[in-house]
Amino acid sequence: MPADFNGTWNLVRSENFEGYMLALGIDFATRKIAKMLKPQKVIKQEGDSFTISTTSTFRNYFVQFKIGEEFEEDNKGLDNRKCKSVVTWDNEKLVCVQTGEKKNRGWTHWVEGDELYLELRCEGEVSTQVFKRA
Ligand code: ECB
């Protein structure tokens, strides 16, 4: 029985988001704004179909996928690079591999108690974001 990610989640803390943004080549001014944000995620999960919308006062990002089906991801409003992305289950964790110009790019989501975790990876950098149910 896979984990249930459905719901509205608010960022409560994060680690090394600066390092992750540097690895993506995000400019100074954008990083200064981005690291102050408290984004909200709304996740809709129906079987193996997901939509994840991440919103903030500065930028919004939306992604839609089915487990195991590769899709074109444009990262619009983030670093704007295109990737071929695929999300699979690793036990109760959702693991996304984002193949493109940047090596070792991807993310992992999991739920622990009332918290949603997101680990963001790019090249040698790892950032962790923690969300709580709204
Ligand atoms: C959309 C809110 C964050 C906006 C940050 C704005 C500028 C920073 C530019 C690039 C940084 C790269 C990523 C931002 C980090 C989080 C946004 C969504 C990350 C993501 O891919 O989440 C996945 C998993 O929930 C769904 O797309």
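This is a predicted model, so every value here is computed, not measured. Atoms within each ligand, like the ligands themselves, are counted from 1 in listed order.
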(message) Rounded at 0.5 Å granularity, tell me how far OG1 in T128 sits from CD in E15.
(response)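 If I round to the nearest 0.5 Å, the distance is 5.0 Å.
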(request) Answer side chain, backbone, both or neither: which part of T55 comes under 4.0 Å from ligand 1, heavy atoms only. (result)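 No part of T55 is near ligand 1 at this cut-off.
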For [atom], find the nearest protein heavy atom and state the residue, atom name and distance (0.1 Å precision).
atom	answer
atom 24 (C) of ligand 1	H109 NE2, 3.2 Å
atom 8 (C) of ligand 1	A34 CB, 3.8 Å
atom 10 (C) of ligand 1	I26 CD1, 3.5 Å
atom 11 (C) of ligand 1	M21 CG, 3.9 Å
atom 3 (C) of ligand 1	L37 CD1, 4.3 Å
atom 19 (C) of ligand 1	L120 CD2, 4.0 Å
atom 13 (C) of ligand 1	Y20 CE2, 3.7 Å

(message) Do R81 and L24 have side chains that approach each other closer than 4.5 Å (heavy atoms only, starting at C-beta)?
(response)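 In contact.
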(message) Any side-chain to backbone donor/acceptor pair from S14 onto F17? Under 3.5 Å, distance only.
(response)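 Side chain of S14 to backbone of F17: no pair is present.
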(request) Please confirm whether Q129 comes within less than 3.5 Å of ligand 1 when only nitrogen or oxygen atoms on both sides are compared. (result)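 No; every N/O pair is 3.5 Å or more apart.
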(request) Consider every N or O of K41 and every N or O of ligand 1, then say whether any pair is closer than 3.5 Å. (result)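 Yes, at least one N or O pair falls under 3.5 Å.
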(message) Restricting to non-hydrogen atoms, name the atom on S85 and the atom on C96 that form the minimum distance, rounded to 0.1 Å.
(response)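 What the structure gives for the nearest pair is CB-SG, 4.1 Å.
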Please compare [options] and report which has the shortest non-hydrogen distance to [atom].
atom	options	answer
atom 17 (C) of ligand 1	L94, L78, V63	L78
atom 4 (C) of ligand 1	Q64, Q40, R59	R59
atom 14 (C) of ligand 1	F50, F131, F17, W9	F17

Just jot down the ligand 1 atoms closer than 4.0 angstrom to any heavy atom of [X], in number order.
X	value
L24	12 (C)
Y61	27 (O)
I52	25 (O), 26 (C)

(message) Taking NZ in K84 as the centre, count heavy atoms belonging to other residues, nucleotides or ligands within less than 6.0 Å. Is the count above 12?
(response)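 For K84, atom NZ is not crowded (no more than 12 foreign heavy atoms under 6.0 Å).
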(request) Could you tell me which residues satisfy side-chain contact (heavy atoms from CB on, under 4.5 Å) with S53, sequence neighbours excluded, listed by chain and number? (result)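 With neighbours one apart ignored, the set is V42, T55, F62.
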(request) Using the six-membered ring wherever Trp is involved, compare the ring planes of F5 and F50 and label them parallel, tilted or perpendicular (cut-offs 30° and 60°). (result)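 Aromatic pair F5/F50 classed perpendicular.
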(message) As a test of understanding, state which of R121, E119, K93 forms a side-chain hydrogen bond (donor to acceptor under 3.5 Å, both in side chains) with T108.
(response)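 One option only clears the test, and that one is R121.
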(message) Is the positively charged end of K41 above the ring of W9, judged by distance under 6.0 angstrom from the centroid and angle within 45° of the axis?
(response)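 No, cation not above the ring by the 6.0 Å, 45° rule.
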(message) Let's go through Y20 and E18 carefully: what are the C-alpha distance in whole Å and the side-chain angles of both, what is the deciding distance for side-chain hydrogen bond (donor to acceptor under 3.5 Å, both in side chains) to 0.1 Å, and is it a yes or a no?
(response) CA-CA 5 Å; Y20 175 76; E18 176 78 1; over 6 Å; no
